[in-house]
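Here the structure is a predicted model, which means the values were calculated and not measured. Just so it is clear, the values below take in all heavy atoms, side chains as well, and ignore hydrogens, waters and symmetry mates. A, B, ... follow the sequence lines: proteins, then strands. Residue 1 opens every chain.
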Number of protein chains: 2
Amino acid sequence: MATPRFDIIGQAISDASRTRMLCELMEGRSFTNKELAGAAGITPQTATAHLRLLQHAGLVIAEKRGRCVYHRLSGPDVAQALEQLAAIAPADSLYRAQRRKAGGLAQVRSCYDHLAGPLAVAMTEALMSRGHLREKNGGFIPHAGPVWAQLGVDLPERAGRAPFARPCMDWTERRLHIAGPMGRQILTRALDAGWLHRPLHGSMRGRGLEVTPSGQRALHDILGIGAQLDQIIVSPKREEA
Amino acid sequence: MATPRFDIIGQAISDASRTRMLCELMEGRSFTNKELAGAAGITPQTATAHLRLLQHAGLVIAEKRGRCVYHRLSGPDVAQALEQLAAIAPADSLYRAQRRKAGGLAQVRSCYDHLAGPLAVAMTEALMSRGHLREKNGGFIPHAGPVWAQLGVDLPERAGRAPFARPCMDWTERRLHIAGPMGRQILTRALDAGWLHRPLHGSMRGRGLEVTPSGQRALHDILGIGAQLDQIIVSPKREEA
DNA sequence: TCAACACTTCGCTGCAGACCGCAGTGTTCT
DNA sequence: AGAACACTGCGGTCTGCAGCGAAGTGTTGA
């Protein structure tokens, strides 16, 4: 008694099916019961039970709209805690490399409300190497300049209590990328400007993002990312049954 | 497949007994099998199984010394991730208030390698209100001054990549306190100077810390913490069966 | 009004694992 | 050498729960 109840949340994320659901939800969008059931490879009635559990643990929120029920993560703090957790290497860190090779996780993807994966890391490091961004005491500090407007970022006049550009550890790269309001603004711009889009057509569900030709140009012009992109965009056509 | 294995770590922390063990270990010290079994209210052979599981998940490390086996958290990142997790309010946030009332968790305690609980929060906020410390972009930035030497803190000449004073969310207070190297140095000073000590004599196991009279003087002289201390030190004599 | 659909509830089976008693191994101290 | 001690391994019981099929409720559209 009288201890923090890790176990409630732990129990909620202790199941592989629920983990798969949470991974879908980490994108930040809402999903229906059926979609999540499909993603986890289980029947809707089993998914219902899982989702009720996740809801009771405070990790997800359900919203009824017509005959559909949309589920989403209950907040950014949940996504952040899960990222943090995923960054801990479980005994054999082989699994990380395997996953990347398998291509099961998109190279370019969104993480709750910001961009993640190798592209996000490359962008962050380009910004730092070009002097637009500096890391200090565990926070990112931007230097005013025209890049930010190009990236759709509206710099605040003075730093508030809430971090504007929060460093976020990517658990495949184990390197930092930008989260927080700045991360959200960059993702918004990238989608609005057509630099990235969600491929809803191809493989079953549209996990991950694609860089469009105009996106490649923009990234090259603004951040000088060219060679890295080639490595990132090698589309993993290999689909294991 | 091909998803981050939350479930491995989740499964590791999904049990109430393991949660209790982890809470002990969050102090940052090493504990034997028997001690942890006692803390969790289970027999040593059951504890063995639990600890092997935690070890396999990469959360704890075992070290054999003589006929004893000492277990400890495998690193600060584990402690940080667990804190992050505990800060998520699980549905009914009543449980947090209850726990504080019950006094099951010490008001003054260490969290892995730094000070936590109401005292740590009060110290942090005193430092900020007195202008010694500033929060910016999710990091703490210290202003040079004599306070730091008094607190045993050796300020680095220039900020490195690793944050010197990392903000850490206290999950009982839901307010920030100081972790990272600075937090470690402050705790070290507090113990070395006899401001705090671990009461090994009293209730079964010495969870938590006690503020000594000299510690009260020091906190008053250096940070002006007086009234807050009275609220913090109301020793919870109530021991429920 | 009826069919199609999304989701939930219920009842059931099967498996994982938490827990302990008992016995065994290795270490320390007398 | 022998006793005390810390821990581990094994077998057993019992609870919890993931999973599905079948049936039920509420919503949408023809």
Side-chain angles (χ1 to χ4, degrees), chain A residues 1 3 5-25 29-57 59-72 90-91 204-205, chain B residues 1 3 5-25 29-57 59-72 90-91 204-205:
Chain A
M1 351 271 144
T3 55
R5 305 303 300 272
F6 296 137
D7 55 333
I8 292 181
I9 295 173
Q11 199 264 0
I13 62 174
S14 66
D15 180 81
S17 297
R18 284 194 289 270
T19 287
R20 283 193 283 268
M21 290 184 180
L22 284 172
C23 282
E24 292 296 308
L25 293 166
R29 291 186 295 157
S30 293
F31 292 88
T32 65
N33 182 335
K34 202 182 176 186
E35 286 170 332
L36 292 172
I42 54 179
T43 57
Q45 59 266 38
T46 306
T48 296
H50 285 312
L51 284 166
R52 188 169 35 196
L53 218 157
L54 290 172
Q55 205 175 327
H56 186 261
L59 299 184
V60 310
I61 288 178
E63 197 176 346
K64 190 162 172 135
R65 285 254 281 267
R67 64 179 164 187
C68 292
V69 179
Y70 290 94
H71 302 269
R72 62 171 203 274
M204 35 190 296
R205 56 188 180 281
Chain B
M1 352 270 144
T3 55
R5 305 302 300 271
F6 296 137
D7 54 333
I8 292 180
I9 295 174
Q11 200 265 358
I13 61 174
S14 65
D15 181 81
S17 297
R18 285 194 289 270
T19 286
R20 284 192 283 268
M21 291 184 179
L22 284 172
C23 282
E24 292 297 308
L25 293 166
R29 291 186 295 158
S30 293
F31 292 89
T32 66
N33 183 334
K34 202 183 177 185
E35 287 171 329
L36 292 172
I42 53 178
T43 57
Q45 57 268 39
T46 306
T48 297
H50 285 311
L51 284 166
R52 189 169 32 197
L53 216 156
L54 289 172
Q55 205 174 328
H56 186 261
L59 299 184
V60 309
I61 287 179
E63 199 176 344
K64 190 162 171 133
R65 284 253 281 267
R67 65 179 163 186
C68 292
V69 179
Y70 290 94
H71 302 270
R72 64 172 203 276
M204 35 188 297
R205 56 187 182 282

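Between B:Ile42 and B:Met21 there is a side-chain heavy-atom pair separated by less than 4.5 Å. Side-chain contact between B:Leu59 and B:Leu54: present, with at least one pair of heavy atoms (C-beta onward) separated by less than 4.5 Å. Put simply, the side chain of A:Leu25 reaches to within 4.5 Å of the side chain of A:Leu36, judged on heavy atoms.
Of the candidates C:dC5, C:dC7, D:dT8, D:dT8 carries the atom nearest the B:Asn33 side chain, counting heavy atoms from C-beta on. Considering only side-chain atoms of A:Thr32, the nucleotide from C:dG26, C:dC7, C:dA4 that sits closest is C:dC7. Listed nucleotides: C:dA6, C:dC20, D:dT8. Nearest to the side chain of A:Cys68: C:dA6. Checked against C:dC7, D:dC5, D:dA18, the side chain of A:Asp15 finds its nearest nucleotide in D:dA18. Listed nucleotides: C:dT8, D:dA18, C:dT28. Nearest to the side chain of A:Gln11: D:dA18. In the set C:dC7, C:dT9, D:dT8, the nucleotide with an atom closest to the side chain of A:Gln45 is C:dT9. Side-chain atoms of A:Arg18 lie closest to D:dA18 of the nucleotides D:dT8, C:dC20, D:dA18.
For the pair A:Ile42 CD1 and D:dG21 C1', the interatomic distance rounds to 15 Å; values are reported in whole Å. When the P atom of C:dC19 is taken as reference, atom CG of B:Leu53 falls 12 Å away, rounded to whole Å. Between the P atom of C:dC19 and the CG atom of B:Leu51 lies a distance of 12 Å, rounded to the nearest Å.
Side-chain nitrogen and oxygen atoms of B:His50 include none within less than 4.0 Å of the OP1 or OP2 phosphate oxygen of C:dG17. For C:dC7, neither phosphate oxygen OP1 nor OP2 lies less than 4.0 angstrom from any side-chain nitrogen or oxygen of A:Thr48. OP1 and OP2 of D:dG21 both lie 4.0 Å or more from every side-chain N or O belonging to A:Thr43. Phosphate proximity of C:dT9 to A:Arg52: present, with a side-chain N or O under 4.0 Å from OP1 or OP2. The phosphate of C:dA18 (OP1 or OP2) has no side-chain N or O of B:Thr46 nearer than 4.0 angstrom.
Scored by the side-chain hydrogen bond (donor to acceptor under 3.5 Å, both in side chains) test, A:His50 finds A:Arg18 as partners (sequence neighbours excluded).
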